[in-house]
Chemist: 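Dropping a structure here in structure tokens format, bear with me for questions.
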Amino acid sequence: MLKWWKNKKGVPKDPRVQQNASIHSLIETLKQSKDFTSDHLTGPTDCIVSYIKTIIEPKFLHKSILPVLKSQQLKDLEEIKDHVPVNNIKITDDLEEIRIRIMQGDIMIRMKETDDRALLIPATTVETRKVSIPEVEFSVVGPKEAFVESLDTNINLLRKRLTLPQLTIREVMIGKLTKTRVAVISIEGIANKENLNTVLQRLNAIEYDQIIDSSFLTQMMSDNSNSPFPQFLDTERPDRVTEVLVEGKIAIIVDGSPHALTCPTTIVEFFSASDDYFLPWHLASAFRLIRLFAVIFSVLSTSLYVAVLTHHQEMIPEDMMATIVSSRADIPFPPIMEVLVLELTIELLREAGARLPTKVGQTIGIVGGIVIGTAAVEAGLTSNVLLIITALAALASFTTPVYQIGNTIRLIRFPFLLSAQFWGLVGISMCMSFFIGHLIRLQSIGRPFFAPLYPLRFRDLKDAFIRLPFSLQSKRPMQTRADDSTRFNPNRVQEKRDIDD
Amino acid sequence: MLKMIYRFVPFYISICVLAGCEINSVEDVAIIQIGGYDYIDEEKFRGTVSVPEFSRFETGSTTSEKYFTATGETLKEIHAKLQGKSSKPLIHGKIAVNLYNEELAENDISFLLDNLMRDASIGREVYLAVVDGSSKNMIETQYSESERTARYINGVIKNNIKENFPTTNLHDFSYAYHAEGMDGFLPLLKKYSDHIDIKGIAFFKKGKFVHTIPFSDSFVFKVMKENMKHGSRKIEYEDHDYIIENIGSGVKYHVVKGIEDPKFRIEINLDGILNETTRFKLPSDPKFLAKLESKLTKDLEEDCLNMLEEFKEKNIDPIGFGNVLKSRVRGFDYDQWKEIYPSADIEVDVNVEILETGITS
């Protein structure tokens with residue numbers, strides 16, 4: 001990792017970011033900040049203690065370090081190291097390491113101002129949010145823990161679920177300025193080596209100054225970063241991450257981001273909720289199909305409305321003719337304009353609702369939905385048939401369990417709408433072919449994104465559109481190319497185990 | 001970037017080329033729901049169409065229609081004249097019923113049929129019918145407060161197809177029209193002052209109307225023509241009338257002898273329930289039902305044979321014996337069949353079973 005950094009020497013142009021030539025100049029740079037403290041202790045031990053006040057634990061300094069230094073006279077750094085009751089203390093003159101560790105919250109002790117050798121005692125304290133219930137991927141039953149912004153807490157949440165020595169956590173530091181810790185998590189012996197290497201290679205190849213959130217990585221590491229479809233599944237549920245790790249996938253957690261990324265992923269995975277595994281298989285399958293239908297409805301309903309009303313009037317059922325025609329009679333716009341106006345209104349409401357504080361957001365939802373909706377109909381700007389269709393389409397797009405794909409669905413409606421206006425149903429079919437062609441070509445870390453449909457993999461279909469019972473899921477998905485593809489011995493499931501005999 | 005632009009060139013071109021076609025939203029077009037044609041003389045005929053007018057949403061759905069009539073020598077000419085009378089472009093796709101008056105039907109309707117078949121926007125479930133009288137008159141009458149004429153006529157035909165009338169629509173008629181050894185048939189409608197009756201079945205030889213049977217006989221025809229689920233038939237037996245409701249009948253055609261000296265057997269299996277009688281109680285005779293069954297069998301067989309005899313006389317084949325023969329026998333020759341058909345031997349074998357008689361005590 002450090003090697004990677006060293007290769008890029010001299011790239012930062014800002015002089016303050018540039019590496020300091022000596023420990024002295026490092027301290028000079030640090031001294032510009034108010035929270036950097038450098039005390040010269042004159043007590044029994046004569047030394048200089050330097051640290052950044054805001055990132056170390058003061059209690060620790062006062063209880064474990066200062067008493068040792070003040071109660072007896074210690075002559076050199078080795079002696080201090082022997083006496084301070086903390087592990088992971090290091091004596092070094094490697095400037096690079098000193099710099100990184102001091103910035104991460106270590107306390108540095110030197111004997112003299114001019115010394116190059118320093119003793120580093122880890123004393124970091126990091127403010128984090130408490131583990132709370134998931135807000136984006138809420139589920140009624142099942143675990144209620146969500147990831148937080150601290151990498152260590154997040155790994156803790158995973159470790160406690162997977163108490164396996166094979167659970168391997170590799171760490172990479174990315175971002176020239178932020179030096180964000182990124183953990184690549186996999187289960188040794190299950191996860192495919194090739195997948196793991198691809199992930200590590202792509203992470204190491206990232207060139208950027210800051211990584212604020214895991215979604216940065218989604219965009220930078222994607223196989224096709226121009227695609228509207230996310231090629232990494234992001235989740236805030238540790239249970240979901242555990243689940244996919246066991247399937248042989250790889251998880252990426254970024255320090256400072258409450259969302260983990262998992263890969264390789266497929267399009268169907270975006271429509272499966274963690275609820276699906278907490279319900280009996282037939283119920284789960286039914287709900288999954290409903291969700292899938294909702295997505296298709298959401299993408300196609302308004303464009304079908306436009307196509308049928310402008311190009312294929314003969315497709316309108318006899319009984320609905322009067323309703324549709326009389327509701328459209330007052331509207332001054334052609335159907336496409338009507339749909340665009342309403343869709344944009346709903347997009348506006350969504351954006352407004354997402355940016356506003358929760359309580360105001362609710363009000364906006366009500367105001368938007370009821371007031372604007374009915375007013376638009378009464379003013380004769382839209383027909384009430386369309387209002388229903390658009391509202392249902394918007395509602396249906398919320399059923400996706402993963403937020404990222406919801407955004408995709410929001411967007412891909414518009415090309416469908418336009419082609420419906422230009423070429424009617426032929427246009428919708430053209431647009432559909434275009435998107436399916438795109439999906440077929442898409443890959444997630446080199447694994448097909450449209451699997452198990454293309455390439456067709458019957459084994460993976462057991463947990464795609466429907467979810468078959470656990471007893472039938474004896475193999476890990478082919479998608480992951482797991483090193484060990486067997487989950488359990490299916491024969492032993494079938495054995496009868498009567499206690500009485 | 002340039003590559004990107006090149007890639008989208010076909011896309012841009014197709015927008016410009018294909019999007020040029022006329023776009024009209026549903027409220028800006030006149031949707032023809034019913035069309036009728038009347039005979040004027042050897043060359044000319046008259047076309048009438050009805051277009052629904054929809055009211056504003058708040059005022060509720062009162063039915064109103066607009067009628068356009070024009071005469072001409074070709075359909076295109078009539079269509080152009082009709083278009084000239086309408087404020088909105090006329091759209092054919094939603095046409096549900098097409099009417100031809102008797103005289104026109106006798107003079108061949110093939111060219112009108114061809115036009116219907118050729119238009120891809122028209123479905124194949126359109127009802128065609130022959131009108132006794134003027135079809136213009138039939139279209140321009142309002143029969144119901146809540147229904148438009150197209151819907152009303154559509155309903156009359158659809159409703160009867162579920163019961164005693166044989167299945168008919170554009171698809172069936174054109175199948176018979178184009179098939180070798182099969183002739184089509186259409187409902188024959190008659191208008192009364194405030195309603196429409198199905199008067200009978202109009203049989204065609206290719207595109208020409210040549211024969212008709214009364215509506216009361218349509219049960220016999222339907223039982224021979226197709227499998228049916230509903231429908232009813234009266235039996236007169238020992239001075240009383242019994243209504244047998246058909247709860248299912250199946251028909252099978254057997255080719256007994258081949259093309260040289262064709263002989264067919266029609267096997268009809270009919271299950272029915274006794275639904276209504278003109279006497280108060282059924283006789284206690286345990287064999288009564290069996291007798292009733294054999295009476296119905298005899299009646300039906302007789303009626304079927306009479307009807308088939310009529311068909312042979314008129315040299316039409318609405319059942320499609322020629323078509324059956326063609327599919328079963330090697331070396332079928334249509335011209336030869338046309339010669340032989342009037343003398344073909346057809347027997348009818350009916351099996352009736354009365355399954356229940358309702359609550360009797």
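So you know, we letter chains A, B, ... as the sequences are listed, proteins then strands, and number each from 1.
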Chemist: Count the heavy-atom pairs under 4.5 Å between each of R151(B), E27(B), H92(B) and chain A, then report the option with the highest count.
Modeler: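 With the most close heavy-atom pairs to chain A, the winner is E27(B).
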
Chemist: Does a sphere of radius 6.0 Å around NZ in K158(B) hold more than 12 heavy atoms from other residues, nucleotides or ligands, not counting ones at 6.0 Å or beyond?
Modeler: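 Count not over threshold, so no.
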
Chemist: Name the region of I324(A), side chain, backbone, both or neither, that has any atom closer than 4.5 Å to a heavy atom of chain B.
Modeler: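 Only the side chain of I324(A) comes within 4.5 Å of chain B.
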
Chemist: So for atom CE, which belongs to M220(A), do other residues, nucleotides or ligands contribute more than 12 heavy atoms lying within a distance under 6.0 Å?
Modeler: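 Yes, CE of M220(A) has more than 12 neighbouring heavy atoms, counting only those of other groups under 6.0 Å.
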
Chemist: Between R328(A) and D28(B), does any NZ, NE, NH1 or NH2 come within less than 4.0 Å of an OD or OE carboxylate oxygen?
Modeler: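 No salt bridge links D28(B) with R328(A).
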
Chemist: Quick check: closest heavy atoms across Q33(B) and E318(A), and the distance to 0.1 Å?
Modeler: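 Heavy atoms only, the tightest pair is NE2-OE2, 3.1 Å.
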
Chemist: Check the surroundings of atom NE2 in H171(B): do more than 12 heavy atoms from other residues, nucleotides or ligands lie under 6.0 Å from it?
Modeler: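 Atom NE2 in H171(B) is not crowded, with 12 or fewer foreign heavy atoms closer than 6.0 Å.
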
Chemist: How long is the gap from OG on S121(B) to NE2 on H312(A), to the nearest 0.5 Å?
Modeler: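 Result: 11.0 Å between the selected atoms.
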
Chemist: Counting heavy atoms not belonging to F297(A), are there more than 12 under 6.0 Å from its CZ?
Modeler: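 Counting other residues, nucleotides and ligands, CZ of F297(A) exceeds 12 neighbours.
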
Chemist: Kindly check if the number of other-residue, nucleotide or ligand heavy atoms within 6.0 Å of CZ (F111(B)) is above 12?
Modeler: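 Count over threshold, so yes.
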
Chemist: Using 0.5 Å steps for rounding, measure from the CD atom of Q313(A) to the CD1 atom of I31(B).
Modeler: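 With rounding to 0.5 Å, CD (Q313(A)) is 6.0 Å from CD1 (I31(B)).
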
